[in-house]
Amino acid sequence: MRRLSQLDGIRGFAIAAVLADHLGSIIGLGISRNPVLLAIDNLMLAGWLGVDVFFVLSGFLITGIILKDRSEPGFWSNFYLRRAFRILPAFAVIFTITLVAAHYFAPQIHVTSGYVLPAIFFLANWTAVTQTEMPWLGHIWSLAVEEQFYFLWPQAAKRLNKVTLLKLALALVVASELLRVLLAVIYVRGEIIFKITPTRIDGLSIGAALAVGITLPEVQRFLANWWRRIAIVAAALLCCIFFAFHGSLAPISKWSQIFAIPPAIVLTSMLIFGALESALPSGLARFFGNPVMTYLGRRSYALYLIHGPLRVAVQASRVHGTLANLPQGVGVDILLVLSILVISLILSELSWRLIEMPAQNLRHRLMRKKEDGTPGHLPEEEVIVRLAEESQ
């Protein structure tokens, strides 16, 4: 459970980084030109890399499940049933509530099938090409990337031997990086490069490569000997890139993506390996294993979904709505951010208790009934383990 807790903590750090990025835009409304506040704002802006941490973790965990279960009968139905019960219940509820809220509280937004259909079929990342992003739910592009990857990746993971699968995963990492560079050179917009699937599967693929690699003795020995040095080089490179870009790694900057994502995903994969080996430095182990980080990690899926609409609504109101009547200044903006965080955490806990855990118990009962005709019920501790293994 200790190792699992540290992976939860890495996921918790990822959601904290994403929240810092997204909610920092509200604080930024009152920053003006204060150099200290601008520096903090730029640091928060780099939190978009938290999505890449999610991708690496997801690729690692899901590929591990595939490798464990791929020889079992009923693999395909079990795999996609697992994904459906992990992703769809919370998504469906939050998506529906957001649409209803947008209809009543933001009538200027005309929600059309051009918004809704890509979202419900997990194609929302491709709306960056047509500039028809779903209002209030622009952040669901990352879910679309994952589900598209998992539509095809299990086909390869089921059929290929581990060495070939490792080579394929690493090839996808390199191909994704090269495509990102190519599209940047031919002046494709940074937002498109940031969201479309072919340029965002490097994190998922390197996580998948790690999951395969640790099952191969030669790769395991290589990582055991070199992971610390690789992690240090990746971290140092990421810091150098941050300062080279004058402390501002904007997510839609194609050059920020080209230079920052590779060391970020390599560093994440090495931290995962260190956690699995119980070899993280004591400070990092305590940080990722502390209750706050692990709690955020376990609630990260709903927290990611819920905070987005709240952030957009508050930000819009702060600029030209009711909240614009409040005094201007960083203090008020920070209070608004804290309010969003508190509401998001409360709603995420409700999602965990009323949607996510019941969905896992229902899936377990269905699978048990299909296998041996007997119903089953999972205790909360087992649900926590399964949800952690089935990272979004």
Side-chain angles (χ1 to χ4, degrees), residues 12-54 98 101-102 105-106 108-109 133 135-142 190-191 194 238-239 241-253 255-257 260 264 287 290-293 295-297 299-300 302-349:
F13 174 78
I15 189 62
V18 171
L19 290 172
D21 172 29
H22 290 174
L23 299 182
S25 60
I26 295 175
I27 299 176
L29 297 174
I31 280 178
S32 185
R33 303 303 300 173
N34 185 302
V36 176
L37 294 178
L38 281 173
I40 296 173
D41 184 58
N42 286 335
L43 183 61
M44 295 173 67
L45 185 64
W48 61 269
L49 288 166
V51 172
D52 294 279
V53 177
F54 275 128
T98 300
F105 298 106
Q108 72 277 11
I109 297 177
E133 186 176 80
W136 290 24
L137 286 168
H139 62 309
I140 64 173
W141 68 269
S142 62
E191 183 183 5
F194 185 69
L238 193 57
C239 290
I241 291 166
F242 181 75
F243 288 111
F245 279 76
H246 306 289
S248 180
L249 293 174
I252 61 172
S253 165
W255 301 111
S256 292
Q257 298 171 44
F287 176 75
N290 80 78
V292 174
M293 285 294 106
Y295 177 85
L296 290 176
R299 306 304 191 269
S300 61
L303 191 55
Y304 183 79
L305 288 175
I306 289 167
H307 88 278
L310 292 177
R311 187 263 297 188
V312 174
V314 168
Q315 189 166 352
S317 182
R318 184 65 168 143
V319 174
H320 49 70
T322 303
L323 296 178
N325 297 322
L326 295 176
Q328 297 298 313
V330 177
V332 174
D333 292 338
I334 289 176
L335 288 176
L336 291 174
V337 166
L338 291 176
S339 299
I340 294 173
L341 283 175
V342 170
I343 294 171
S344 297
L345 286 168
I346 292 172
L347 294 178
S348 298
E349 184 64 27

Quiz item: Considering all heavy atoms of both residues, which atom of Ala14 and which atom of Gly50 are nearest to each other, and what is their separation?
Solution: CB-O, 3.5 Å
Practice problem: Would you check if Phe54 and Ser142 make a side-chain contact, meaning some heavy-atom pair closer than 4.5 Å? | Solution: no
Quiz item: For the atom pair CG (Leu338) and CD1 (Ile343), what is the distance rounded to the nearest 0.5 Å?
Solution: 11.0 Å
Exercise. Name all residues meeting the ring-ring contact (aromatic ring centres under 6.0 Å, His included) criterion together with Trp136; count only those two or more places apart in sequence or in a different chain, and write none if there are none.
Key: none
Quiz prompt | Other residues, nucleotides, ligands: >12 heavy atoms within 6.0 Å of Ile252 CD1 | solution = no
Exercise. Give the minimum heavy-atom separation between Pro309 and Thr98, together with the two atoms involved.
Key: CG-OG1, 3.6 Å
Exercise. Evaluate the criterion side-chain hydrogen bond (donor to acceptor under 3.5 Å, both in side chains) for residue pair His22 and His307; output intermediate values, then yes/no.
Key: CA-CA 9 Å; His22 290 174; His307 88 278; 2.7 Å; yes
Quiz item: Closest approach of Ile15 and Gly12, non-hydrogen atoms and distance?
Solution: CG2-O, 3.1 Å
Quiz item: Any salt bridge (Lys or Arg N to Asp or Glu O under 4.0 Å) pairs touching residues 335-349, not counting sequence neighbours?
Solution: Arg299-Glu349, Glu349-Arg353
Exercise. Evaluate the side-chain proximity of Leu345 to Leu296: yes if any heavy-atom separation is below 4.5 Å, no if none is.
Key: yes
Self-check item: Rounded distance [0.5 Å steps], CD1 in Ile334 versus CG in Leu341
Solution: 11.5 Å
Quiz prompt | Check: Ser300 side chain, Gly297 main-chain N or O, donor-acceptor pair, under 3.5 Å | solution = yes
Quiz item: Given the rule in the side chain to side chain contact (heavy atoms under 4.5 Å, CB included) test, do Arg311 and Ser344 qualify, once you have shown the distances and angles that lead to the verdict?
Solution: CA-CA 10 Å; Arg311 187 263 297 188; Ser344 297; over 6 Å; no
Quiz item: In Å and rounded to the nearest 0.5 Å, what is the CG to CG distance from Leu310 to Leu336?
Solution: 12.0 Å
Quiz item: Minimum heavy-atom separation for Ser248 to Leu45, with atom names?
Solution: OG-CD2, 4.2 Å
Exercise. Begin with the C-alpha distance, continue with both residues' side-chain angles, and end with the deciding distance and a verdict on side chain to side chain contact (heavy atoms under 4.5 Å, CB included) for Leu326 and Leu335.
Key: CA-CA 11 Å; Leu326 295 176; Leu335 288 176; over 6 Å; no
Exercise. Check the pair Phe194 / Trp141 against ring pair (Phe, Tyr, Trp, His ring centres under 6.0 Å), numbers first and verdict last.
Key: CA-CA 10 Å; Phe194 185 69; Trp141 68 269; 5.0 Å; yes
Exercise. List the atom of Phe242, the atom of Asn42, and the distance in Å for their closest heavy-atom pair.
Key: CE1-O, 4.2 Å
Quiz item: In Å and rounded to the nearest 0.5 Å, what is the OG to OH distance from Ser348 to Tyr295?
Solution: 7.0 Å
Practice problem: Please step through side chain to side chain contact (heavy atoms under 4.5 Å, CB included) for the pair His139 and Val51, ending with a clear verdict. | Solution: CA-CA 10 Å; His139 62 309; Val51 172; over 6 Å; no
Self-check item: Where Met293 and Phe287 come nearest, the two heavy atoms and their spacing
Solution: CG-O, 3.3 Å
